Amino acid sequence: LAKTTQPISMDSYEGQEVNITCSHNNIATNDYITWYQQFPSQGPRFIIQGYKTKVTNEVASLFIPADRKSSTLSLPRVSLSDTAVYYCLVSNTDKLIFGTGTRLQVFP
Amino acid sequence: NAGVTQTPKFQVLKTGQSMTLQCAQDMNHEYMSWYRQDPGMGLRLIHYSVGAGITDQGEVPNGYNVSRSTTEDFPLRLLSAAPSQTSVYFCASSLQDPSSYNSPLHFGNGTRLTVT
């Protein structure tokens, strides 16, 4: 199973772009990269998933370099409601292992 | 469409008591799983199931039992509760094996369990 490493916490201000990078040095050929968001007292919620290059949806972008040993979740123009914990997962098995995540705090 | 429903939301047990945490999904998902979340530990996988009649262990299975007699339900049983099992428990489901592309996990809102 690929192990992921993320910063424990990040701070930002409203309106800024936030980039959270996840390191996954031993990612396997068939692994996908998935990001989840978790608010207090709620279960995690799927944000975005990718395999290589760049993926964009209505809430975020995911950048994956050619070697796939890292990935960056980009949140454009964050608001206070983006304050949450963000988890990066890589897996090609049915046993999904979450890391400790990155706690993002957005200030006014 | 209720998604993933967990009951109860809160529970207090005494050491040695048993109980079952319920999880039900109405999305016809094949894959279901249980996680526990403790401060500073992230989410740890307890047990999972890739379909009715099939279960397997995750990272931290000791002290917990599961069964999957129907596609919709995946109960988690604590046979003899211990204070170390005080945690928030999340159930999650996915249309297929979540290692498949575009088959993300859908989580319930958790059960907060305290064992005294």
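All chains are named by letter (A, B, ...) in the order of the sequence lines, taking the proteins before the strands, and each is independently numbered beginning at 1. Just so it is clear, the structure is predicted and the values come from calculations on it, not from any experiment. Because only heavy atoms are used, hydrogens play no part in the values below, and waters and symmetry mates are left out as well, while side chains stay in.
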**Prompt:** Is a donor on one side and an acceptor on the other found under 3.5 Å between the side chain of A:Tyr36 and the backbone of B:Leu105?
**Reply:** yes
Under 4.5 Å to a heavy atom of chain A? For B:Gln37 that would be side chain
Hydrophobic clusters here meaning ILVMFWY residues chained together by side-chain heavy-atom distances under 4.5 Å, can you tell me if B:Trp34 and B:Val60 are in one?
yes
Notebook entry, point to check: Would a hydrophobic clustering, with Ile, Leu, Val, Met, Phe, Trp and Tyr connected at side-chain separations under 4.5 Å, put B:Met32 with B:Val50?
Noted result: no
Note: A:Phe46 and B:Pro104 closest approach over all heavy atoms is CD1-CB, 3.3 Å
*asked:* Counting neighbours of CZ on A:Phe39 that are heavy atoms of other residues, nucleotides or ligands and sit closer than 6.0 Å, is the number greater than 12?
replied: yes
### Message
Counting only heavy atoms from other residues, nucleotides and ligands, does the tally under 6.0 Å from CZ of B:Arg44 exceed 12?
### Response
yes
Shortest non-hydrogen pair, A:Pro44 vs B:Leu43, comes out as CG-CD1, 3.5 Å
